[in-house]
Amino acid sequence: MESIKIGLLGLGTVGTGVYRLLEKQAEEIKHKAGVNTVIDKVLVRNISKTREGIPTEVITDNPNDILNAPDIRIVVEVMGGMEPAYEYIKSALMSGKNVVTANKDLMAVKGGELMELAAQNGCDLLFEAAVAGGIPIIRPLKQCLAGNNITEIMGIVNGTTNFILTKMTNDGMEFEDALKMAQELGYAEADPTADVEGLDAGRKIAIMASIAFNSRVTFDDVDIEGITKITAKDICYAKEMGCDIKLLGIAANTDDGIEVSVHPMLIPSTHPLASVNDVFNAVFVHGDAVDDAMFMGRGAGMYPTASAVVGDIIDISRNIVFNCCGRIGCTCYKQLKIKKPEDCVSKYFLRMQVEDRAGVLAGVAGVFGSNNVSISRLIQKASDDNTAEIVVITDEVRAGNFKDSIAILNGMSMIKKISSVIRVYG
Ligand code: NAP
Ligand code: HSE
């Protein structure tokens, strides 16, 4: 075989990185894959846009130039979004083309169906870039760690929110100011909803949990909370307690089902994830044989993401050369139950303003006691104008019981305001 032809769907941040990296590494890739790889066509939306360094003859706005081209063996989808990416990937797989995608939105919802389609057609469908950009995690989970029973996987998998929380921690900035800075630096989108509301992290933890526990977890299964309510004051109090606040995607495989969530959490400053700052991502895995393992790096950006996509392209090229595509497909061979959010357990940090008078602490303790919520620490922080600020840290409690307690506290006149409710890891 002389060369393998590739069709690129999308030429934005990631697509441009993939194009340039394949060009720059062409000679190396020939040795690593045992064959030349050549980008034959590139699909874009706006064909009249200037694309520096890309020959005009490879650019098209007609998807059929790639999807119906019999000699294109690998389709790389880096357009993003659900449609038409979903239809294009299905079409590629049904005509026997191998697919690489960086699309977490799609894989977190339609991953099972697309992996099944890939298997039916004897194709590879690889998606290393869909989780944590340049950090290798999908392939390590499916291959290097395959000898483990993985019981927990968690991570900082959104760079934008990690940057915001780092600025709030190190510079005492409030959320809105840190978000503005992230937007000015080009880390956060003009519409930052998917990042700051935890949706992007939710998609990534769903994909990782499916592979780690060999059982399908989709985006809808993830209990998601973003970072918009976190204040600089919460971070100061966390620091006093020896903790940092991080947005963590966490999945645990427990005896009574899979717990999967994204929440801002207090995490001990001594935990390796606490020192992962700025736009960096990290994934922490616990397996019965390997014990703890952590993977860290850049979760986004042109070249870090292209690094993962090109790794997948090289892998598929080797499989084409050895005629063994579809060798490692879907690994979800179990059907484990997903626990309801209210049945999951966690420790909690609660900050509230209460009337500064006798009987208030007893009242708060009474509500928790009657809902089976055990208090680990209760600290009165400050008082003025007959108002005291108290911070409660609970032991591990069922989320439903904690939520019931909060609903009762909210209705009590002695409680002036509940300012923060944040989960505590560990
Ligand atoms: P982007 O910069 O917005 O680029 C999207 C590209 O796709 C553009 O070239 C656009 O064409 C093309 N496109 C979009 N819709 C199209 C359609 N309907 N028909 C034809 N072409 C279409 O996006 P990106 O940041 O590169 O992200 C691509 C994918 O990688 C997404 O799934 C994203 O979640 C994932 N990802 C991105 C990063 C990152 O750091 N950016 C990291 C990890 C994963 P025009 O150029 O004509 O507009
Ligand atoms: N928006 C994501 C982040 C990068 O901030 O990490 C793409 O997954």
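Order of appearance sets the numbers: ligands from 1, and atoms from 1 within every ligand. The structure displayed is predicted, hence computed values, not measured ones.
Taking a cut-off of under 4.0 Å to the non-hydrogen atoms of Leu43, the atoms of ligand 1 that pass are 20 (C). For ligand 1, the atoms closer than 4.0 angstrom to any heavy atom of Pro84 are 18 (N). The Asn46 neighbourhood of ligand 1 comprises atoms 47 (O), with distances under 4.0 Å to a heavy atom of that residue. Of all atoms in ligand 1, listed by their number and element, those nearer than 4.0 Å to a heavy atom of Leu11 are 6 (C), 8 (C), 9 (O). Short contacts between ligand 2 and Asp200, defined as distances under 4.0 Å to a heavy atom of the residue, involve ligand atoms 2 (C), 8 (O).
For ligand 1, the polar-atom distance check against Thr13 finds a nitrogen or oxygen pair separated by under 3.5 Å. Ligand 1 has a nitrogen or oxygen under 3.5 angstrom from a nitrogen or oxygen of Gly301. At least one N or O atom of Gly159, backbone or side chain, sits closer than 3.5 Å to an N or O atom of ligand 2. For ligand 1, one of its N or O atoms has an N or O atom of Gly12 under 3.5 Å away. Ligand 1 has no N or O atom lying under 3.5 Å from any N or O atom of Ala129, backbone or side chain. When only interatomic distances are considered, the shortest N/O to N/O separation between Asp105 and ligand 1 does not fall below 3.5 Å. The N/O atoms of Ala300, backbone and side chain alike, include none that comes under 3.5 Å of an N/O atom in ligand 1.
Atom 1 (N) of ligand 2 has Asp195 OD1, 3.0 Å as its closest protein atom, hydrogens excluded (heavy atom only). Of all protein heavy atoms, the one lying nearest to atom 36 (N) of ligand 1 is Lys104 NZ, 3.8 Å. If you check which protein heavy atom lies closest to atom 31 (C) of ligand 1, you get Gly80 CA, 3.5 Å. Closest to atom 30 (O) of ligand 1 among all protein heavy atoms lies Ala102 CB, 3.5 Å. The closest protein non-hydrogen atom to atom 5 (O) of ligand 2 is Thr160 OG1, 2.5 Å. The nearest protein atom to atom 19 (N) of ligand 1, hydrogens excluded, is given as Met79 SD, 4.1 Å; this is a heavy-atom distance. From the protein, the heavy atom lying nearest to atom 46 (O) of ligand 1 is Arg51 NH1, 2.7 Å. In terms of protein heavy-atom proximity, atom 28 (C) of ligand 1 is nearest to Val78 O, 3.3 Å. Among all non-hydrogen protein atoms, the one lying nearest atom 48 (O) of ligand 1 is Lys49 NZ, 3.3 Å. Of the protein's non-hydrogen atoms, the one nearest atom 37 (C) of ligand 1 is Val14 CG2, 3.5 Å.
With values rounded to the nearest 0.5 angstrom, Lys24 atom NZ is found 10.0 Å from Ile29 atom CD1.
Salt-bridge formation is detected for the pair Lys104/Asp200: a Lys NZ or Arg NE/NH1/NH2 atom is positioned less than 4.0 Å from an Asp or Glu carboxylate oxygen. Ionic pairing of Arg203 and Asp105 is present here: one or more N-O contacts between side-chain nitrogen and carboxylate oxygen are shorter than 4.0 angstrom. A salt bridge links Lys233 to Glu389: one of the charged nitrogens lies within less than 4.0 Å of a carboxylate oxygen. Residues Arg20 and Glu23 are not paired through a salt bridge, judged by the lack of any N-O separation under 4.0 Å between the basic side chain and the carboxylate.
Distances from atom 7 (C) of ligand 2 to the heavy atoms of Lys104, Arg298, Glu189 put Lys104 nearest. Of the candidates Ala300, Pro192, Gly80, Ala300 brings a heavy atom nearest to atom 4 (C) of ligand 2. When the options Thr305, Leu9, Val309 are ranked by their closest heavy atom to atom 42 (C) of ligand 1, first place goes to Thr305.
A donor-acceptor pair shorter than 3.5 Å cannot be found between the side chains of Glu396 and Tyr348. With no hydrogens or angles considered, no side-chain donor-acceptor pair links Gln335 and Ser215 at under 3.5 Å.
Other residues, nucleotides and ligands contribute at most 12 non-hydrogen atoms within 6.0 Å of the CZ atom of Arg73. Counting heavy atoms of neighbouring residues, nucleotides and ligands inside a 6.0 Å radius, atom CD of Glu113 exceeds 12 of them. With a 6.0 Å radius and a threshold of 12 heavy atoms from other residues, nucleotides or ligands, Asn323 has its CG atom at or below the threshold.
With Ile54 as reference, Leu11 is the one residue of Ile39, Val44, Leu11 to meet the side-chain contact (heavy atoms from CB on, under 4.5 Å) rule.
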Discussion item. Please evaluate residues Asp71 and Lys5 with respect to the criterion salt bridge (charged side-chain N to carboxylate O under 4.0 Å, His left out), reporting the C-alpha separation (whole Å), side-chain torsions for both, the decisive distance (0.1 Å), and the verdict.
Written reply: CA-CA 7 Å; Asp71 51 348; Lys5 287 191 180 171; 2.9 Å; yes
Item to complete: Start with the C-alpha gap between Asp65 and Thr60, add the side-chain angles, then the distance that decides, and say whether side-chain hydrogen bond (donor to acceptor under 3.5 Å, both in side chains) holds.
Response: CA-CA 7 Å; Asp65 287 347; Thr60 179; 2.6 Å; yes
Worksheet item: Step by step, would you call Lys167 with Asp171 a salt bridge (charged side-chain N to carboxylate O under 4.0 Å, His left out)?
Response: CA-CA 5 Å; Lys167 284 288 156 205; Asp171 303 341; 3.4 Å; yes
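Under the 4.0 Å distance rule, the nearest protein heavy atom to atom 2 (O) of ligand 1 falls inside the cut-off.
A donor-acceptor contact shorter than 3.5 Å links the side chain of Thr161 to the backbone of Asn158. In this structure a side-chain-to-backbone donor-acceptor pair under 3.5 Å is missing from Asp278 to Phe280.
Residue contacts with ligand 1 do not include Met302, since none of its heavy atoms lies under 4.0 Å from the ligand.
When heavy-atom distances to ligand 2 are checked against a 4.0 Å cut-off, Val279 has no atom that comes that close, whether in backbone or side chain.
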